[in-house]
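Read through the structure below, which is laid out as structure tokens, and then see the notes.
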There are 2 protein chains.
Amino acid sequence: MTVTEAAAERLVRIGEVARGAGVSVRAVRYYEQQGLLIAERSPSGQRLYRQDAIPLVRFFQQMFAAGLTSRRITELLPCWDSGHTDAEQRAMLRAERDRIQAKVDDLQAALDRLDEVIAITDTHP
Amino acid sequence: MTVTEAAAERLVRIGEVARGAGVSVRAVRYYEQQGLLIAERSPSGQRLYRQDAIPLVRFFQQMFAAGLTSRRITELLPCWDSGHTDAEQRAMLRAERDRIQAKVDDLQAALDRLDEVIAITDTHP
DNA sequence: CTAAAACCTGACGTTGACGTCAGAGGCAAG
DNA sequence: CTTGCCTCTGACGTCAACGTCAGGTTTTAG
């Protein structure tokens with residue numbers, strides 16, 4: 001089943017997406033504004049989402065937590081949607097991977113320093 | 001020799017501290033404004049730092065990278081200076097440690113997802 | 001039918017660690 | 001002495017992902 005084909009699925013409103021993904025309604029609107037998430041509209045103008053919008057929003061959160069910007073995510077979304085990538089996208093993917101790995105290393109180093117202090121302060125109360 | 005205490009050492013100006021620690025002059029002034037770094041003053045008002053200000057600034061950078069705020073760092077500085085801590089400080093240390101650990105886990109999960117996509121896009125060029 | 005709950009579109013506010021600019025001194029070299 | 005670099009104090013600007021408020025429409029529960 002492709003994206004455009006999308007048989008008659010149960011469509012949900014923004015509140016259900018927000019609750020389901022654990023974010024605010026404002027956040028979901030923001031994602032649309034940034035081009036991350038496209039919603040159908042009801043005749044009265046309310047946003048209607050397919051159910052897979054919920055794991056998608058969770059995924060956005062994960063990428064945000066990893067330090068990607070919404071712009072970068074939009075640039076990389078086709079990699080997930082179609083599985084097809086050009087050279088530039090593959091380069092971005094690796095760049096982000098490397099950046100995140102470096103961040104993990106930094107955090108681990110900070111963690112070690114904190115643990116060191118904790119060990120000292122625990123033996124010197 | 002603790003961090004704050006020190007004998008008559010060669011004092012350096014802000015530019016040398018900034019270059020030595022790999023940050024901007026503005027950043028060093030900001031740290032003073034936030035109460036992280038205290039500087040002597042020359043008769044003309046220029047900031048004079050002891051040389052151990054340089055590793056200290058590096059340490060601040062490391063903590064910033066780990067997501068601590070300048071306020072939190074000021075609250076925890078005594079743990080490094082004196083080695084003495086009260087219950088509240090030990091609780092903060094552990095809270096930060098746990099937060100960083102959780103962040104590492106999140107980053108690792110994001111990393112795995114990216115690697116997954118990279119592997120796919122590499123086999124489907 | 002009505003009231004509450006949910007949704008809409010702007011649009012301004014928040015946070016943290018600085019960047020940047022303006023205007024005014026200070027300091028060693030030639 | 002003056003040139004050029006360094007430093008000073010404000011003070012406003014930046015960026016990203018939302019929070020929040022205002023004022024209005026829509027959907028739903030009873």
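In the text below, chain A, chain B and the rest are named by the order of the sequence lines, each starting its count at 1. Because the structure is predicted, anything quoted here is derived from the model rather than measured.
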Under 4.0 angstrom between A:Arg47 side-chain N/O and C:dC7 OP1 or OP2: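 No.
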
Phosphate contact (C:dG16 OP1 or OP2) by B:Ser70 side-chain N/O below 4.0 Å: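 For C:dG16, OP1/OP2 do not have a side-chain N/O of B:Ser70 under 4.0 Å.
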
Comparing A:Gln61 and B:Tyr49 on DNA chain D - which has the more 5′ nearest nucleotide: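 It is B:Tyr49, whose closest nucleotide lies nearer the 5' terminus.
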
Linked hydrophobic residues, B:Leu11 as query - side chain contacts closer than 4.5 Å: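 Cluster partners of B:Leu11: B:Leu48.
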
To the nearest Å, give me how far apart [atom1] ([X]) and [atom2] ([N]) are.
X: A:Gln62; N: D:dA17; atom1: CD; atom2: P; value: 16 Å
X: A:Ile73; N: D:dA17; atom1: CD1; atom2: C1'; value: 11 Å
X: A:Arg41; N: C:dC8; atom1: CZ; atom2: P; value: 6 Å
X: B:Leu48; N: D:dC8; atom1: CG; atom2: C1'; value: 13 Å
X: B:Leu68; N: C:dA17; atom1: CG; atom2: C1'; value: 14 Å
X: B:Phe60; N: C:dC18; atom1: CZ; atom2: P; value: 11 Å
X: A:Met63; N: D:dA17; atom1: CE; atom2: P; value: 13 Å
X: B:Glu16; N: C:dA28; atom1: CD; atom2: C1'; value: 15 Å

Pairs satisfying ring pair (Phe, Tyr, Trp, His ring centres under 6.0 Å), at least one member in residues 10-29 of chain A, at least two apart: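 Sorted result for residues 10-29 of chain A: empty, none.
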
Can you sort out the partners of [X] under salt bridge (Lys or Arg N to Asp or Glu O under 4.0 Å), two or more places apart, ordered by chain and number?
X: B:Arg26; answer: none
X: A:Glu40; answer: none
X: B:Asp106; answer: none
X: A:Arg19; answer: none

Close approaches to DNA chain D from residues 29-38 of chain A, in residue order (heavy atom, under 4.0 Å):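 Heavy-atom contacts with DNA chain D come from A:Tyr30, A:Tyr31.
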
Among C:dC8, D:dA17, D:dC8, the nucleotide that comes nearest once only the side chain of A:Ile14 is considered: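 Nucleotide nearest to A:Ile14's side chain: C:dC8.
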
Note: A:Arg13-A:Glu16 ion pair, threshold 4.0 Å (strictly below):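 Salt bridge: no.
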
Salt bridge B:Glu32-B:Arg29, side-chain N to carboxylate O under 4.0 Å: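 A salt bridge is absent here (no side-chain N lies under 4.0 Å from a carboxylate O).
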
Residues which pass side-chain hydrogen bond (donor to acceptor under 3.5 Å, both in side chains) with B:Asp115, listed by chain and number, not counting sequence neighbours: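 side-chain hydrogen bond (donor to acceptor under 3.5 Å, both in side chains) check on B:Asp115 returns A:Arg97.
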
side-chain hydrogen bond (donor to acceptor under 3.5 Å, both in side chains) partners for B:Tyr49, two or more places apart: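 Not a single residue meets the side-chain hydrogen bond (donor to acceptor under 3.5 Å, both in side chains) criterion with B:Tyr49.
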
Quiz: residues 53-65 of chain A side-chain donor-acceptor pairs under 3.5 angstrom, not counting sequence neighbours:
from, atom 1, to, atom 2, distance (Å)
A:Arg58, NH2, A:Gly20, O, 2.4
A:Gln61, OE1, A:Tyr31, OH, 2.5
A:Gln62, OE1, B:Arg113, NH1, 3.3

Short side-chain donor-acceptor distance under 3.5 Å, B:Arg90 and A:Thr121: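 Not at all, the side chains of A:Thr121 and B:Arg90 share no donor-acceptor pair under 3.5 Å.
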
Mind listing the N/O atom pairs, protein and nucleotides 26-30 of chain D, below 3.5 Å?
from, atom 1, to, atom 2, distance (Å)
D:dT26, O3', A:Ser44, OG, 3.2
D:dT27, OP1, A:Ser44, OG, 2.9

Heteroatom pairs (N/O) under 3.5 angstrom, protein to nucleotides 19-23 of chain C:
from, atom 1, to, atom 2, distance (Å)
C:dG19, OP2, B:Ser24, OG, 2.4
C:dG19, N7, B:Arg26, NE, 3.3
C:dG19, O6, B:Arg26, NH2, 3.1
C:dT20, O4, B:Arg26, NE, 3.0

